[in-house]
Amino acid sequence: MKNDLRERRERDGDSQADLAAAVDVTRQSINAIERGRYDPSLELAFKLARQYDCAIEDIFDPDSHD
Amino acid sequence: MTEANRSTKHRIATRRRYKRLMFGCLAVGIVGLLIGSFLDQYLIGVLIYWAGFFGMLGVWQFSSVTLYDERDTAIERKASDYTLSVFAFVLVLGAPGGIMLEEGGVVTLPAAFDGAMWMLVAVYAVFGVVYTVLRNRT
């Protein structure tokens, strides 16, 4: 599942570790999500969407795959 | 630095500290076991090892930050699935195959073979019980 998490994070000037701490996961998980190697749970997707003040589908595109 | 940034930096530093503490506990346990066995103090070595292991578990379970998250859980689940699949093939093909080859006089299997096969049977029996309980609860 593709996402634009990296673009949003870099736009805000955050590191992967910053975002990981903000949504309470490890930095490796943020890295894996950004690279499309791990699809987050619904709960984590909500946290990420809340972090960027948008809807889940604004970040994640369920119809596309890497 | 904003309050949010300070909080984030604090959490990152705390996570790093707890991870070091967790792996430090395990390292002390393993080193204690090795030194204990080297000095023929097996009981002390095992006690240090257990203390280190339970220390690691304690840090993991009671730390205020997330050291393992849902991705780690997903990886563990997948790894367990693959491991069980590999050993299922070993048991399904190996046990009857070994017995047939030994009965036919083709090979003489060591006693460890029987032990290993019974161990696998026990693993899958436990898996079956746990699976059934979880299935009924979910």
Side-chain angles (χ1 to χ4, degrees), chain A, chain B residues 1-27 29 52-86 130-131 133-135 137-138:
Chain A
M1 188 161 60
K2 276 190 173 174
N3 65 77
D4 66 352
L5 197 60
R6 183 185 296 273
E7 289 79 5
R8 287 172 186 274
R9 178 176 59 74
E10 289 177 346
R11 204 180 304 147
D12 278 14
D14 289 332
S15 67
Q16 290 183 339
D18 292 333
L19 179 57
V23 296
D24 204 22
V25 293
T26 62
R27 187 199 59 76
Q28 287 82 359
S29 292
I30 296 299
N31 183 47
I33 293 168
E34 287 184 353
R35 295 169 68 186
R37 296 174 72 172
Y38 174 68
D39 290 335
S41 68
L42 193 57
E43 186 185 354
L44 178 54
F46 268 116
K47 280 184 184 175
L48 290 167
R50 207 171 297 134
Q51 182 72 14
Y52 293 108
D53 196 23
C54 64
I56 291 176
E57 57 267 36
D58 292 336
I59 302 177
F60 297 97
D61 181 2
D63 297 327
S64 65
H65 299 277
D66 282 331
Chain B
M1 188 184 274
T2 65
E3 192 58 43
N5 271 345
R6 227 186 331 265
S7 167
T8 301
K9 297 292 176 207
H10 175 70
R11 291 183 76 163
I12 293 170
T14 307
R15 176 177 293 164
R16 196 174 297 136
R17 192 169 64 245
Y18 274 117
K19 273 202 165 179
R20 282 183 188 151
L21 185 60
M22 196 174 78
F23 290 118
C25 284
L26 189 63
F53 178 74
F54 285 112
M56 183 195 77
L57 280 184
V59 174
W60 175 18
Q61 291 299 311
F62 298 111
S63 69
S64 55
V65 291
T66 304
L67 300 177
Y68 285 88
D69 61 14
E70 59 175 55
R71 177 171 154 271
D72 297 304
T73 308
I75 292 170
E76 278 181 11
R77 195 177 297 142
K78 205 175 276 184
S80 304
D81 189 26
Y82 289 157
T83 305
L84 282 174
S85 299
V86 167
V130 173
Y131 181 86
V133 170
L134 290 176
R135 192 182 167 89
R137 282 186 183 174
T138 307

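A, B, ... follow the sequence lines: proteins, then strands. Residue 1 opens every chain.
For A:Glu43, no part lies under 4.5 angstrom from a heavy atom of chain B. With a 4.5 angstrom heavy-atom cutoff, B:Ile75 does not touch chain A via any of its atoms.
Considering only residues two or more places apart in sequence or on other chains, B:Arg15 meets the side-chain hydrogen bond (donor to acceptor under 3.5 Å, both in side chains) condition with none of them.
With B:Asp69 as the fixed residue, the side chain to side chain contact (heavy atoms under 4.5 Å, CB included) test singles out one of A:Asp24, A:Val23, A:Thr26: A:Thr26.
Counted within 6.0 Å of CG on B:Asp81, heavy atoms from surrounding residues, nucleotides or ligands total more than 12; the atom is thus considered enclosed. The number of heavy-atom neighbours closer than 6.0 Å to CZ of B:Phe53, taken from other residues, nucleotides and ligands shown, is 12 or below.
Residues B:Arg71 and A:Ala32 come closest through the heavy atom pair NE-CB, 3.4 Å.
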